[in-house]
Amino acid sequence: MTPEEAVAEQERLRPRVVTTTDPDLVVRHVAGLDVSYADDDRLVAAAVVLDADSLETVDSAVVHGRADFPYVPGLFAFRELPSLLDALAKLTVPPDLLVCDGQGLAHPRRFGLACHVGVLIDLPSVGVAKTPMGRFDPPGEERGAVSDLVDDGEVVGRALRTRAGVKPVFVSVGHRIDLDRACAEVLRLCVHRLPETTRRSDSLGRAHLR
DNA sequence: GCGACAG
DNA sequence: ATCTTGTCGC
């Protein structure tokens, strides 16, 4: 897969993204996805499913893989997607929502990792990134405060203060969810700055690197 | 030409 | 992503 082919693939799949929420969507189980890297090209993809109300871990899976594709901003999904899909396939508890470590629509072609994963497995998904792909005014200092994340004149996501006084996270729609709901779901997963889904999949993957 | 650029 | 100690604050 060349970078040119990867871009073409994004543009082919982009029209499949759905930015509305099914009125009947009930989020009980949320899966967090993350990938950890070794010094060489080895990697570990981890998926952890939490009960959205209690935040207890109810399922998890790890997959050892290799980084085929280089890290290229805008083509991030092509590096992590194959292993993430493998990890998702190993889950026993089917998630109602996916939380990805990266952008959704807040992407140069409006098709970040969260959109890509969501479309491929046809499940609601949101992207939660630690750094923005776009401009934003600082949200209020209180937990839950938000501001628009803007790229190329479009609102592509939101800066969300998940904890008072800490740097916000950047939430964008992945698939089959709207931005308001995406922010609400992310906020309820947050005890610390990052959602528990991200923290647990990150630590699980890291632990399996050895 | 220069800066920006998820993890 | 990863390399990495102490330190400030609740």
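Just so it is clear, the structure is predicted and the values come from calculations on it, not from any experiment.
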Note to self: Hydrophobic cluster membership, with links at side-chain heavy-atom distances under 4.5 Å among I/L/V/M/F/W/Y: are A/Val146 and A/Phe136 in one?
What the structure shows: no
Next item on the list: Under 4.0 Å between any heavy atoms, over every strand shown, what does A/Arg206 touch: base, sugar-phosphate, or nothing? Just pick one.
Entry: sugar-phosphate
Next item on the list: Kindly assign one of parallel, tilted or perpendicular to the pair A/His116 and A/Phe111, based on the angle between their ring planes and the thresholds 30° and 60°.
Entry: tilted
Check: Contact boundaries of DNA chain C with chain A (under 4.0 Å, heavy atoms), 5' to 3'?
Finding: C/dA1 to C/dT2
Note to self: Using 0.5 Å steps for rounding, measure from the CZ atom of A/Arg181 to the OG1 atom of A/Thr20.
What the structure shows: 12.0 Å
Next item on the list: Ignoring backbone atoms, establish whether A/Thr131 has a side-chain N or O less than 4.0 Å from OP1 or OP2 of B/dC5.
Entry: no
Next item on the list: Enumerate the residues from residues 163-173 of chain A whose closest heavy atom to DNA chain B is under 4.0 Å, giving them by residue number; use none for an empty result.
Entry: none
Notebook entry, point to check: Going by number, which of residues 100-129 of chain A have a non-hydrogen atom under 4.0 Å from DNA chain B?
Noted result: A/Asp101, A/Gly102, A/Gln103, A/His107, A/Gly112, A/Leu113, A/Ala129
Next item on the list: Tell me whether A/Tyr71 is stacked on the nucleobase of B/dG7, counting only the six-membered base ring and applying the 5.5 Å and 30° thresholds.
Entry: yes
Next item on the list: Rounded off to whole Å, could you give me the CD-to-C1' distance for the A/Gln10 and B/dC5 pair?
Entry: 14 Å
Note to self: Tell me whether A/Arg158 is salt-bridged to A/Asp180, with the criterion being a basic N under 4.0 Å from an acidic carboxylate O.
What the structure shows: yes
Note to self: Distance alone, cut at 3.5 Å: any donor-acceptor contact between the side chains of A/Glu80 and A/Tyr71?
What the structure shows: no
Next item on the list: Would you indicate what A/Tyr37 reaches in the nucleic acid, counting non-hydrogen atoms under 4.0 angstrom: base, sugar-phosphate, or nothing?
Entry: sugar-phosphate
Check: Heavy-atom distance under 4.5 Å between the side chains of A/His192 and A/Arg163, does that happen here?
Finding: yes
